[in-house]
Amino acid sequence: MITQDIFAALRASAVSAMAELLPDLPPDAFARVQMEPPRDPAHGDMATNAAMVVAKAARQPPPKLAAALAERLSALPEVAEAAPAGPGFVNLRLREGFLRAQLPVVLTACEAYGDGSAGADRRVDVEYVSANPTGPMHVGHCRGAVVGDALANLLTKAGYAVTKEYYVNDAGAQVQALAQAAYWRYLQALGTTMTEAEYAATIPGGLQYGGDYLVPVGEALRERHGDALAVPGARPADPALWHDPVRDFTVDAMMASIRDDLAALGVRHDVFVSERALIAEGELEKAEARLSARGLIYRGVLEPPKGKTPEDWEPREQTLFRATQFGDEVDRPLRKSDGTGTYFANDIANHLHKLERGFAGLVHVWGADHGGYVKRMKAAVSALSDGKVPLDVVLTQIVRVVKNGEPVRMSKRAGTYVALRDLIDEVGRDAVRFTMLTRKADAQMEFDLDKVVEQSRDNPVFYVQYAHARCRSVLRAAGDPSAAELAAVPLDALADPGEMALIRRIAAWPRTVEAAAEAREPHRIAFFLHDLAGDFHILWNKGREDATLRFIQGDEPEATRARLALVAATAAVIRSGLAVMGVAPAEEMR
RNA sequence: GCGCCCUUAGCUCAGUCGGAUAGAGCAACGGAUUUCUAAUCCGUAGGUCGUUGGUUCGAAUCCAACAGGGCGCGCCA
């Protein structure tokens, strides 16, 4: 594990200096001490709030403490200058040699640069996508898939032991309706004379999932079973005869399709957990027993929702979970009137199953329409784990797909939203993934099919890829020296402000990873890469105006090698970030 | 009606779990041509951080109320 976070290192120095200045303070007095880049670069490379956050406990004014701290920090070999500033900050300017010395660290670690230990190898389960196995993936699933996958990668990079999980909702009424729809296609494949309306009339609730995608499933059922699942004349048989095999076959087919789509997106889950299998194994009863043993289950009648009572409201006794004891607004029902579990109850079983596997933390990526569900799930996990295992839920907002300024509409024929596969085929996996990460997950997003493939500065995908391609172009022109070779090169020639700015940005990568992981915000990686690419493009263009700043200087081999080390380090960090996002770096832009 | 999320420059969005004079990009305007790919870069201009109070050394950030937008609200998942 390579940790080379210079901010963490200097923070530790600041804390120990403060501890020496104030030996009577308990260690936790320094918990809120931060060392971070100041907003205004004129203030230096780093700033710490140490003097301010301990001032109260130390009973001394912040400026006085800041002055004393600055004096101590200025004695450090890494520090060129330390000065008290403002209401009690200490600003640090680092020695350029110290900053330059980060490059060999990068070049030694390469893509592993930025790998952190904040996770301490704790096992974390990240559940995402979990689309119902009732049809192909559409763009509505896409954002959650990308955000979840990038978040899982990010947590892995930050030192967690991550399991990528897909929870297959194969137990509910939706799947029953799916089986009925597939059965209709089977009857069609047998050449039934029924009309769709006639068949639909035989199903309570009518025929759902009318999309063409079930036609091949019907054909396959006919190939496998012949006419054995129908009565002569290709008319519907007793569901007891066909329901389970048709359902299982169809769910398998849908999951195969979903896995294909996910593979096209570069998403690969470690485990697929079947809701039906969990229930069959008695996980629901186990969860209920556990909650019951804690006195958290009772029979009762809920109040109607305040203000807006549904038309058909009537008081009803239900099996309820005391979610209110864990911060939820109302207690939540666990059993339907037919005795089977509610979706919530089944999901409790799912979470118990996670806890039984020993995870120290659970993460979910859900669509924003599940926002109202967060509190009760947190309540359940808190109850089942005695508050020991945190559940974090990341909500993703709707993506509106736009082409030529017009929203791309639902396709009626396919009975589904724009297929994910179509989107990938049109703009490419990398553009899809990168673009999905250019917004906070919880912000609405417009996905403009034209802009995403545009090769210009206002397309961040391109902007970052172009920076990497330029790095590679320079390195190729210089004979592609190895990273190990460049890690040993003298770097004193790097002194231009543009070069130093790039080094400073690179040095901020580890703390960016850690902060993004902590906040569960993978989009920060995209923004970092955009900034890093910007620093590089600036430097590149300086060389255009001033030939002495070009990376390759024919008559100065030492300066050239130093700059190649910088270029190689930049490329390595871009690759490191793109790897988190699941985007392939470009060698050239053609 | 209740709960959750959101509101930052004309537009699209950042803002590192309370820090210093709130930042990018696009759009607008003015510049850089014999290159390691000008698909980039430089400069100018642009904001009462939805509104009003509160908490403290200090608030876009935390709290309360209000306005506007989105989502959800007992056996749908």
Side-chain angles (χ1 to χ4, degrees), chain A residues 32 34 36-40 42-43 47 49 52 55-56 61-62 85-89 91 132 134 169 171-175 275 301-310 313-316 318-320 328-347 367-375 395 397-398 438-440 442-446 454-460 462-463 466-467 469-470 473-478 508 511-512 514-516 518-519 521 523-524 527-528 530-531 534 537-545 547 550-552 567 588-590:
Chain A
R32 289 172 55 225
Q34 294 177 339
E36 49 189 13
R39 298 212 168 151
D40 186 348
H43 291 142
N49 61 355
M52 288 181 286
K56 195 170 276 183
F89 288 100
N91 291 334
N132 287 346
T134 52
N169 289 113
Q174 308 267 354
V175 174
E275 178 182 11
V301 180
L302 286 177
E303 298 281 315
K306 285 177 184 171
K308 191 176 187 177
T309 306
W313 177 270
E314 55 188 48
R316 186 185 297 139
Q318 295 171 302
T319 301
L320 298 167
D328 201 0
E329 280 87 29
V330 295
D331 293 337
R332 304 290 179 176
L334 294 180
R335 293 279 178 180
K336 303 186 210 171
S337 52
D338 65 1
T340 61
T342 59
Y343 176 78
F344 176 52
N346 286 1
D347 222 8
D369 54 343
H370 287 64
Y373 200 70
V374 173
K375 275 191 182 176
L395 298 179
Q397 270 290 355
I398 305 293
T438 54
R439 294 285 136 81
K440 259 190 309 201
D442 196 26
Q444 290 178 23
M445 175 159 101
E446 199 166 89
E454 193 172 287
Q455 301 203 333
S456 75
R457 171 168 196 169
D458 53 326
N459 179 3
F462 174 79
Y463 191 72
Y466 189 34
R470 277 180 155 177
S473 165
V474 173
L475 292 167
R476 278 195 302 271
R511 76 185 297 278
T512 301
E514 185 176 337
E518 172 74 16
E521 290 185 346
H523 77 278
R524 293 192 195 185
F527 281 90
F528 176 89
H530 190 265
D531 291 343
H537 286 310
I538 288 169
L539 191 55
W540 177 288
N541 275 64
K542 275 193 167 187
R544 196 185 303 287
E545 287 162 18
R550 293 185 186 176
F551 299 119
I552 297 175
V567 172
E588 53 183 0
M589 310 297 287
R590 293 289 181 196

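Here is how names work: the chains are called A, B, and so on, in the same order as the sequence lines, proteins then strands, and each is numbered from 1.
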Atom [atom1] of [X] to atom [atom2] of [N]: distance rounded to whole Å?
X        : N     : atom1 : atom2 : answer
A/Glu275 : B/C76 : CD    : P     : 13 Å
A/Asp369 : B/C73 : CG    : P     : 9 Å
A/Leu475 : B/U37 : CG    : P     : 12 Å
A/His537 : B/C36 : NE2   : C1'   : 14 Å

[M] and [N], which share atom name [atom1], separated by this distance in whole Å:
N     : M     : atom1 : value
B/G10 : B/G1  : C1'   : 37 Å
B/G58 : B/C41 : P     : 41 Å
B/C13 : B/A22 : P     : 23 Å
B/C11 : B/G50 : P     : 14 Å
B/U51 : B/A60 : P     : 11 Å
B/A65 : B/A20 : P     : 28 Å
B/G23 : B/G69 : P     : 31 Å
B/A24 : B/C42 : P     : 11 Å

When you get a sec, tell me which of [options] is the closest nucleotide to the side chain of [X]?
X        : options             : result
A/Arg550 : B/G74, B/C41, B/C36 : B/C36
A/Phe462 : B/U40, B/G15, B/C41 : B/U40
A/Arg524 : B/G15, B/C41, B/C36 : B/G15
A/Ile538 : B/C41, B/G15, B/G74 : B/C41
A/Trp540 : B/U16, B/U37, B/A77 : B/U37

In Å, rounded to the nearest 0.5 Å, how long is the span from [atom1] of [X] to [atom2] of [Y]?
X        : Y        : atom1 : atom2 : answer
A/His523 : A/Phe528 : NE2   : CZ    : 14.0 Å
A/Tyr343 : A/Asn169 : OH    : CG    : 4.5 Å
A/Asp347 : A/Leu334 : CG    : CG    : 12.0 Å

Please tell me if the side chains of [X] and [Y] come closer than 4.5 Å, counting only heavy atoms from C-beta onward.
X        : Y        : answer
A/Phe551 : A/Leu539 : yes
A/Arg316 : A/Pro333 : no
A/Tyr466 : A/Trp540 : no

When all nucleic acid strands are considered with a 4.0 Å heavy-atom cut-off, which category describes [X]: base, sugar-phosphate, or nothing?
X        : answer
A/Arg470 : sugar-phosphate
A/Pro61  : nothing
A/Ala519 : nothing
A/Phe344 : nothing
A/Pro315 : base
A/Arg332 : nothing
A/Ile552 : base

Task: Minimum heavy-atom distance A/Leu302-A/Asp331, with the two atoms named - done: CD2-O, 3.5 Å
Task: Contact summary for A/Gln397 and A/Asp442, nearest pair of heavy atoms - done: CG-O, 3.4 Å
Pairs under 3.5 angstrom, nitrogen or oxygen only, protein versus nucleotides 18-21 of chain B, please.
from, atom 1, to, atom 2, distance (Å)
B/A20, N6, A/Asn91, OD1, 2.5
B/A20, N1, A/Asn91, OD1, 3.2
B/A20, N1, A/Asn91, ND2, 3.1

Report yes if at least one side-chain N or O of [X] is closer than 4.0 Å to OP1 or OP2 of [N]; otherwise report no.
X        : N     : result
A/Tyr463 : B/C26 : no
A/His370 : B/C76 : no
A/Ser473 : B/C36 : no

Partners meeting salt bridge (charged side-chain N to carboxylate O under 4.0 Å, His left out) with [X] (sequence neighbours left out):
X        : answer
A/Arg524 : A/Glu521
A/Asp328 : A/Arg332
A/Arg476 : A/Glu587

- [ ] List the protein contact pattern of nucleotides 4-13 of chain B with one symbol per nucleotide (5' to 3'): B for base contact, S for sugar-phosphate-only contact, - for none; contact means a heavy-atom distance under 4.0 Å.
- [x] SS------SS
Counterpart base for [N], defined by Watson-Crick or G-U wobble contacts under 3.5 Å:
N     : value
B/C62 : B/G54
B/A32 : B/U40
B/A67 : B/U7
B/G72 : B/C2

Close N or O pairs between protein and nucleotides 27-30 of chain B (under 3.5 Å):
none

- [ ] Return the 5'-most residue of the pair A/Gln318, A/Glu518 with respect to RNA chain B, ranking by each residue's nearest nucleotide.
- [x] A/Glu518
